[in-house]
Amino acid sequence: MKVRNGKMMAVVVTASLGLSACSIPVALSDTNATLGGSQYLQVHLTANLFAKDPSMAKEIKVLKQLSYDVNYQSASGATLSSSLNTAKSEIVVSNGSQRVLTIVDIHSNEYLNVDIASLANISGLGLTAAKLAPVNLIFGGRWFEFPYRLLAKYETSTLHVKPTRTSTVKNDILLVNTLVTFFANQPTTTTATGFTQTGTLASLQSALSSIVKAATTSTAPGSTVVTTKSKGTYKLAVTMNGTVATDAKLAITAPVGKYGNGTFTLNATFAQQSVNVSAPTGALVITNTFLNQLGVKQLGSNGSGILSGALG
């Protein structure tokens with residue numbers, strides 16, 4: 001599975017959930033006429049967190065404002081179900097009608113564009129136009145390319161793995177196939193509109209543990225094997241139009257300390273329009289030296305660069 005810069009982690013995780021959600025109906029409908037049967041796929045995602053823990057108030061507020069659109073296109077022209085390893089993807093994060101962030105993945109090269117000024121409009125982040133102004137001068141409205149070789153170096157230095165494009169794709173497909181197999185093998189209930197399914201987080205954790213073990217190394221400093229079973233449950237509901245899923249909802253409920261249970265919900269709607277995904281032109285190619293100058297510690301910076309001064 002792909003692991004990227006921590007600043008982008010929330011978006012990448014959401015995108016991964018979106019791809020997984022797309023695969024769930026493929027298994028449940030047991031037919032070739034599914035979401036993977038086209039060259040294109042679009043997923044619209046919204047997420048919410050419901051919890052009484054006051055420490056989560058910021059996350060709850062921010063999640064309510066944002067939505068995510070994930071676009072997939074088979075680079076080879078074949079159906080997505082037979083070309084996951086060549087699929088191009090685009091993630092768009094929006095605050096209402098305002099596009100905040102866009103990430104494009106082309107052959108494991110990542111392209112990033114952030115509307116810096118719009119971050120001040122997301123209530124709960126605590127960012128003001130004045131604070132963002134110096135950062136906006138550098139990054140506002142610009143596309144940046146993070147080459148695969150740079151991202152691979154980050155993964156090697158922080159996760160102690162040595163990825164290749166082939167291994168990255170292999171882990172992506174392994175993740176999707178494992179989730180599909182897991183959900184397909186759990187009991188489901190047929191409804192008037194589709195399917196529902198409930199299960200425990202412990203069973204889902206068990207299904208995914210083999211992937212995590214295979215994708216990382218046991219020699220990483222401080223690495224431990226998680227043996228405690230996760231407490232909580234999940235509920236999946238899929239709406240079908242004939243043999244094709246139109247939307248899905250995943251709700252995960254788990255204990256939140258002394259505040260009782262908290263629930264995270266992810267809602268997805270699906271479409272198969274001819275939406276092209278392509279690399280932007282004129283993107284600034286990011287290097288390790290450039291990141292060090294900005295104060296990005298993950299790749300060796302001392303944290304005293306431009307970004308740390310502007311936002312610190």
Side-chain angles (χ1 to χ4, degrees), residues 2 10-48 63-106 110-111 113 115 172-173 175-177 179-180 183-184 188 190-197 235-251 264-280:
K2 296 180 182 178
V11 179
V12 175
V13 169
T14 303
S16 299
L17 286 172
L19 180 55
S20 303
C22 297
S23 303
I24 291 166
V26 174
L28 294 179
S29 59
D30 193 26
T31 177
N32 290 327
T34 61
L35 293 175
S38 170
Q39 179 186 352
Y40 302 95
L41 176 64
Q42 298 85 47
V43 187
H44 178 72
L45 295 159
T46 57
N48 282 288
L63 276 176
K64 285 183 179 179
Q65 300 169 76
L66 301 179
S67 62
Y68 312 84
D69 288 284
V70 189
N71 302 316
Y72 299 100
Q73 179 187 1
S74 169
S76 65
T79 62
L80 285 171
S81 61
S82 61
S83 58
L84 285 179
N85 59 331
T86 60
K88 301 181 291 183
S89 64
E90 176 186 55
I91 305 166
V92 178
V93 182
S94 301
N95 178 18
S97 60
Q98 189 172 39
R99 179 179 291 211
V100 176
L101 179 149
T102 306
I103 301 174
V104 177
D105 183 307
I106 307 290
E110 306 286 340
Y111 300 85
N113 179 283
D115 186 336
D172 287 344
I173 295 176
L175 172 62
V176 173
N177 288 343
L179 287 170
V180 168
F183 286 114
T188 59
T190 302
T191 67
T193 58
F195 305 89
T196 62
Q197 180 184 120
K235 181 176 182 179
L236 171 70
V238 179
T239 301
M240 306 291 293
N241 180 12
T243 58
V244 179
T246 57
D247 60 79
K249 179 177 181 179
L250 179 66
F264 172 80
T265 63
L266 183 68
N267 298 280
T269 58
F270 312 114
Q272 294 174 301
Q273 306 299 319
S274 298
V275 177
N276 292 317
V277 177
S278 59

Would Ile106 and Val277 count as a side-chain contact (heavy atoms from CB on, under 4.5 Å) if you check the C-alpha gap in whole Å, the side-chain angles of each, and the deciding distance to 0.1 Å?
-> CA-CA 9 Å; Ile106 307 290; Val277 177; 4.2 Å; yes
Report the C-alpha separation of Val92 and Thr102 in whole Å, then their side-chain angles, then the decisive distance to 0.1 Å, and conclude whether the side-chain contact (heavy atoms from CB on, under 4.5 Å) test is met.
-> CA-CA 5 Å; Val92 178; Thr102 306; 4.1 Å; yes
Run the side-chain contact (heavy atoms from CB on, under 4.5 Å) check on Tyr40 and Gln73 step by step: do they pass?
-> CA-CA 5 Å; Tyr40 302 95; Gln73 179 187 1; 3.5 Å; yes
Can you list the steps and then say if Leu266 with Leu45 is a side-chain contact (heavy atoms from CB on, under 4.5 Å)?
-> CA-CA 7 Å; Leu266 183 68; Leu45 295 159; 4.0 Å; yes
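Counting heavy atoms from C-beta outward, Val100 and Asp115 have side chains that stay 4.5 Å or more apart.
Note that the NZ atom of Lys249 and the OG1 atom of Thr269 stand 13.5 Å from one another [nearest 0.5 Å]. Of the inter-residue distances, the one linking Lys235 atom NZ with Leu250 atom CG reads 11.5 Å to the nearest 0.5 angstrom. Taken from CD1 in Ile91 to CG in Asp69, the straight-line distance is 11.0 Å, to the nearest 0.5 Å. Summarising the geometry, atom OG1 belonging to Thr190 is positioned 10.5 Å from atom CE belonging to Met240; distances are rounded to the nearest 0.5 Å. A distance of 11.0 Å separates OH in Tyr72 from CD in Gln42, rounded to the nearest 0.5 Å. Atom-to-atom distance recorded for Gln65:CD and Thr46:OG1 is 13.5 Å, nearest 0.5 angstrom.
Side-chain N/O atoms of Ser89 and Asp105 include no donor and acceptor closer than 3.5 Å.
Nearest heavy atoms, Arg99 versus Ser94: CA-OG, 4.0 Å. Heavy-atom minimum distance, Val93 versus Tyr68: CG2-CD2, 3.6 Å. What you find for Ser278 and Val104 is that their closest heavy atoms are O-CG1, 3.8 Å.
Within a 6.0 Å radius of CG in Asn241, other residues, nucleotides and ligands contribute 12 heavy atoms or fewer.
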